[in-house]
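What follows is one structure encoded as structure tokens, with my remarks underneath.
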Amino acid sequence: MEFGVGSIVEGKVTGITKFGAFVALPEGKSGLVHISEIAYTYVNDVKDHLKEGQEVKVKVIGIDENGRINLSIKKAMDPPPRPAGQGRPGGRPAGHGGNMGFRGKPAPAEPTSFEDRLKQFMAASDSKLSELRQAERRSSRRGGRK
């Protein structure tokens, strides 16, 4: 059975660490469920949610260039229903900004991996620094700060 990103498979927890759990998969492979991918609620201690030897259903969410398999337990199940009266995710009320980002520009698509989020942060940071430097040059030309 060949599996790739998006596959949902059964596995057995073989080890627990403070940052996640290792899961044995079919074909003698294994992967890691990061602590953030264990449950839809905050996980302070992995041992509160998983035990060694426990059978779990996991979704393959990534395979890196070294063949390491990233897994998710929470994405292998349906999300819990949101209680009535709860606002939108992120705590923003509906109708305030929508898909608008910094200074009214459309926000980029939500990044999916850490690397994508880091690239987006670096680009936004470079842009803000550039704007600050330009503003500083303009004010120094006018005899502002010295």
Side-chain angles (χ1 to χ4, degrees), residues 2-11 13-50 52 54 56-83 85-146:
E2 185 64 31
F3 55 88
V5 175
S7 301
I8 296 179
V9 295
E10 292 281 333
V13 177
T14 59
I16 294 177
T17 67
K18 63 181 179 181
F19 56 84
F22 290 94
V23 176
L25 302 171
E27 300 177 15
K29 298 188 181 220
S30 67
L32 173 70
V33 179
H34 188 265
I35 191 169
S36 65
E37 292 294 332
I38 290 175
Y40 281 101
T41 59
Y42 176 74
V43 176
N44 186 45
D45 188 355
V46 177
K47 292 178 182 174
D48 293 341
H49 294 266
L50 299 172
E52 283 193 37
Q54 179 180 347
V56 291
K57 187 185 291 189
V58 294
K59 182 173 185 175
V60 179
I61 58 172
I63 301 175
D64 70 11
E65 60 275 355
N66 296 325
R68 293 181 295 206
I69 302 170
N70 298 312
L71 304 169
S72 174
I73 293 173
K74 70 181 184 181
K75 290 181 180 163
M77 63 178 107
D78 292 328
R82 290 202 326 225
Q86 290 280 325
R88 292 181 19 188
R92 293 175 304 193
H96 287 79
N99 194 29
M100 298 307 282
F102 183 68
R103 297 201 177 166
K105 298 175 186 170
E110 191 66 31
T112 55
S113 71
F114 173 77
E115 289 80 12
D116 290 341
R117 291 190 304 237
L118 181 60
K119 286 177 190 172
Q120 183 180 354
F121 170 80
M122 292 300 291
S125 178
D126 288 344
S127 174
K128 290 175 187 175
L129 282 172
S130 176
E131 289 176 13
L132 285 170
R133 287 182 185 128
Q134 286 176 353
E136 192 173 276
R137 278 187 233 124
R138 284 190 296 261
S139 81
S140 67
R141 285 185 202 144
R142 288 187 231 134
R145 297 185 308 202
K146 291 190 178 184

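Note: hydrogens, waters and symmetry copies are ignored here, and every other heavy atom, side chains too, is used.
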query: Hey, mind stepping through Lys57 and Ile8 against side chain to side chain contact (heavy atoms under 4.5 Å, CB included) and telling me if it holds?
result: CA-CA 7 Å; Lys57 187 185 291 189; Ile8 296 179; 3.4 Å; yes
- request: Apply the side chain to side chain contact (heavy atoms under 4.5 Å, CB included) test between Val56 and each candidate in Val9, Ile73, Leu71; give the one that qualifies.
  value: Ile73
query: Got a second to check how far Leu129's CG is from Glu131's CD, nearest 0.5 Å?
result: 9.5 Å
- request: Compare every heavy atom of Lys59 with every heavy atom of Ala76, then report the nearest pair and how far apart it is.
  value: CB-N, 3.8 Å
query: Of the non-hydrogen atoms in Leu25 and Gly31, which two are nearest, and what is the gap between them?
result: CD1-N, 4.1 Å
statement: Between Ser72 and Glu37 the two heavy atoms that sit nearest each other are OG-OE1, 2.6 Å
- line: Output for pair (Ile63 CD1, Ser7 OG), nearest 0.5 Å, gives 7.5 Å
Inter-residue atom distance Arg117.CZ - Gln120.CD, 0.5 Å rounding: 9.5 Å
statement: Heavy-atom closest pair (Pro26 atom, Glu10 atom, distance to 0.1 Å) is CD-O, 3.6 Å
task: Over all heavy atoms of both residues, which pair between Asn44 and Ile35 is shortest? Give the atoms and the distance, please.
output: O-CD1, 4.1 Å
message: If I compare all heavy atoms of Leu50 with all of Gln54, which pair ends up nearest, and what's the gap?
response: CA-OE1, 3.3 Å
- prompt: Where do Val23 and Leu32 land on the side chain to side chain contact (heavy atoms under 4.5 Å, CB included) test, with the steps shown first?
  reply: CA-CA 6 Å; Val23 176; Leu32 173 70; over 6 Å; no
- prompt: Would you say Tyr40 has more than 12 foreign heavy atoms packed within less than 6.0 Å of its OH?
  reply: yes
